[in-house]
Amino acid sequence: MTKTQAVLLLISVLIGFFLGFTSPEPAARSITTHMVGVNGQNGGILVRVRVSMIPGNGKILVNIDNPLFITDTQESLRTAVKAAAEYTGINSNDYDFIFSVEEDNVQIEGPSAGASMAAALVALIENKQIKAHHYATGSITENGSITAVGSILEKAETLSPGEVLIVPAGQKVGTEQIEDCSEKQSNNYYYKECKIKYEPVDVSEKTGVKVIEVNNLAELVQIMLE
Amino acid sequence: MTLKQAGIILATAVLLASFFWLGTNVKDQKIVIPCKPKQPEHKPTITEEETTVIVNGVGLFDNTSNGEIVHIIITSKRGEGRVFADFSTGAYVGTDLQESILLARLVASEYTGELAFDKDYFVTFDSEATEVSGSSGTAGIAAGFVALAEGKRVKQNVAVSGFVYENQTIGEVERIGDKTRVAEKAGMTSMIIPAVQCNKTMMENFTIEVICAHDLSDVIDNLLE
């Protein structure tokens, strides 16, 4: 190799790297996931959420045009970001995280979206996809532990048989509300007396949904992402 | 393939091609590269254009007359007309305040003709409190939206507290005296309050200038430069 060739080769490599490292950051990356929740009538509801991340400084920006967000949900979003950053090793202060709920007339409350939001963030950060027909419910802590939430049976009932619902450990068996009513007579009046019992129920058997328990974000990601 | 990867590959390929061409044709000849006139430096725009205004609202801590100036930071950038609240600060944003932001956007949109639907708006509350809530920031937020739409600046020595109705009149808020005192202690020179709460006590008890706003245009006239 001549001196000229060597110099040009060096220059080409340097310019290539320079262009690579000074190009604009990639545009916003987005992924669609779901919150599995319950509505005011204690029925299940599946809410589509668009999650995006862009270069920024650690903001958690939530579209408030449709739903309003109760403070415990705000807390769970903050925790989800911290857990996903911890899991993937990124500095969350280098990005802004944007959440847009794509449903009208819902009010978002409670911490149960934390796990699914954390999984979506991991998918974004690691450029992975969420498996079709896989949903999650669970609260999340900063160290990635997934903890119990309510209404597992109602949430499973929003899904179709064969779909997958990932739940916190120990929640594969939910509780079912059973109303036991009987007619009674008092003097000349007849009335109905109802007792409500809560009985354990295997959510998978009851709904046909495949229910999988996880302890932490690592296990959730293993099952939910591809 | 990302833009970054394409840039690296393209640049490397072009230069390697010239390297081989020069290597086989020029051999040991001396290469003379003619000088070109220096071009003015032009940096490509790598971030989306965004505009930010900061409005001074006033917040009171629970069950005390103490409070703080809450900096309401509103940013617009290219988007789809959506409104985002920033949940990453120390303070949770109450649902009533989320509703106030949406009402303020609506009122500002009617005041200006319309807010740009090709922009998104981001609202951050810079506060020491654990939660910011209530509707007394509505008038200030609406004025902030107007400032963004009209390209005006917000005076940083003026604080504002007031509700705004859809017909743009300014409605009363709780504990306006305490809020005005907080603004005074914080070094503000003027405090815009609802005209319905302007009375002799309010006008005489403070060293700060108290401005009485009947409607949104009064707020804008006194808050924007």
Side-chain angles (χ1 to χ4, degrees), chain A residues 1-29 50 52 54-78 81-82 92-93 95-100 107-109 127, chain B residues 2-24 26-31 43-48 73 75 77 79-99 101-102 105 120-124 130-131 133:
Chain A
M1 183 185 287
T2 65
K3 192 187 284 184
T4 310
Q5 286 173 324
V7 169
L8 286 171
L9 180 62
L10 181 63
I11 291 170
S12 66
V13 170
L14 287 174
I15 290 177
F17 275 108
F18 177 76
L19 284 173
F21 283 113
T22 57
S23 294
E25 288 292 332
R29 282 186 276 162
R50 191 98 181 131
S52 307
I54 56 174
N57 48 21
K59 286 184 177 171
I60 298 171
L61 302 165
V62 179
N63 184 2
I64 57 170
D65 282 300
N66 292 320
L68 302 174
F69 289 79
I70 306 296
T71 53
D72 54 1
T73 307
Q74 295 176 35
E75 175 64 26
S76 79
L77 291 179
R78 288 182 194 176
V81 168
K82 286 177 185 166
S92 60
N93 289 326
Y95 300 91
D96 287 344
F97 303 91
I98 303 170
F99 298 85
S100 295
Q107 179 164 285
I108 309 294
E109 60 182 293
N127 209 16
Chain B
T2 66
L3 185 61
K4 185 184 285 188
Q5 289 168 330
I8 292 171
I9 290 167
L10 181 63
T12 309
V14 167
L15 285 157
L16 280 174
S18 62
F19 147 67
F20 281 115
W21 183 83
L22 285 169
T24 52
V26 179
K27 299 211 176 198
D28 290 335
Q29 290 177 24
K30 196 172 180 179
I31 302 169
K43 288 185 177 176
T45 304
I46 60 171
T47 55
E48 293 178 41
I73 304 161
T75 298
K77 65 168 80 169
E80 303 162 20
R82 298 169 298 179
V83 177
F84 292 82
D86 182 357
F87 289 164
S88 60
T89 66
Y92 296 117
V93 182
T95 50
D96 51 0
L97 186 49
Q98 294 173 45
E99 287 175 325
I101 296 169
L102 297 177
R105 193 258 306 259
D120 285 338
Y121 299 90
F122 301 85
V123 184
T124 299
T130 53
E131 179 172 345
S133 58

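All heavy atoms count here, side chains included; hydrogens, waters and symmetry mates do not. Order of the sequence lines sets the chain letters (A, B, ...), proteins ahead of strands, with each chain counted from 1.
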**Q** Locate the shortest heavy-atom distance separating A/Gly58 from B/Ser88; write the atom from each residue and the value.
**A**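 The answer is O-CB, 3.5 Å.
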
**Q** Measure the OG1-CZ distance between B/Thr89 and A/Arg78 for me, rounded to the nearest 0.5 Å.
**A**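 One gets 6.0 Å once the value is rounded to the nearest 0.5 Å.
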
**Q** Which atoms of A/Phe99 come close to chain B, meaning under 4.5 Å heavy atom to heavy atom: side chain ones, backbone ones, both, or neither?
**A**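 Backbone only.
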
**Q** How many angstroms lie between atom NZ of A/Lys59 and atom CZ of B/Phe84, to the nearest 0.5 angstrom?
**A**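 A/Lys59 atom NZ to B/Phe84 atom CZ measures 12.5 Å (nearest 0.5 Å).
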
**Q** For residues B/Val83 and A/Asn63, report the shortest heavy-atom separation together with the two atoms involved.
**A**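 Looks like O-OD1, 3.0 Å.
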
**Q** For a quick test of reading the model, state the closest non-hydrogen atom pair linking A/Thr71 to B/Tyr92 and the distance between them.
**A**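 Distance-wise, the nearest heavy atoms are CG2-CB, 3.5 Å.
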
**Q** Among B/Gln98, B/Arg82, B/Glu80, find the residue that satisfies the side chain to side chain contact (heavy atoms under 4.5 Å, CB included) test when tested with A/Asp65.
**A**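 Result for side chain to side chain contact (heavy atoms under 4.5 Å, CB included) with A/Asp65: B/Arg82.
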
**Q** If I measure from the heavy atoms of chain A, does B/Val123 come under 4.5 Å with its side chain, its backbone, both, or neither?
**A**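 For B/Val123, neither part sits under 4.5 Å from chain A.
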
**Q** Go through the atoms of B/Thr124 and report whether side chain, backbone, both or neither lie under 4.5 Å from a heavy atom of chain A.
**A**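 B/Thr124 touches chain A through side-chain heavy atoms alone.
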
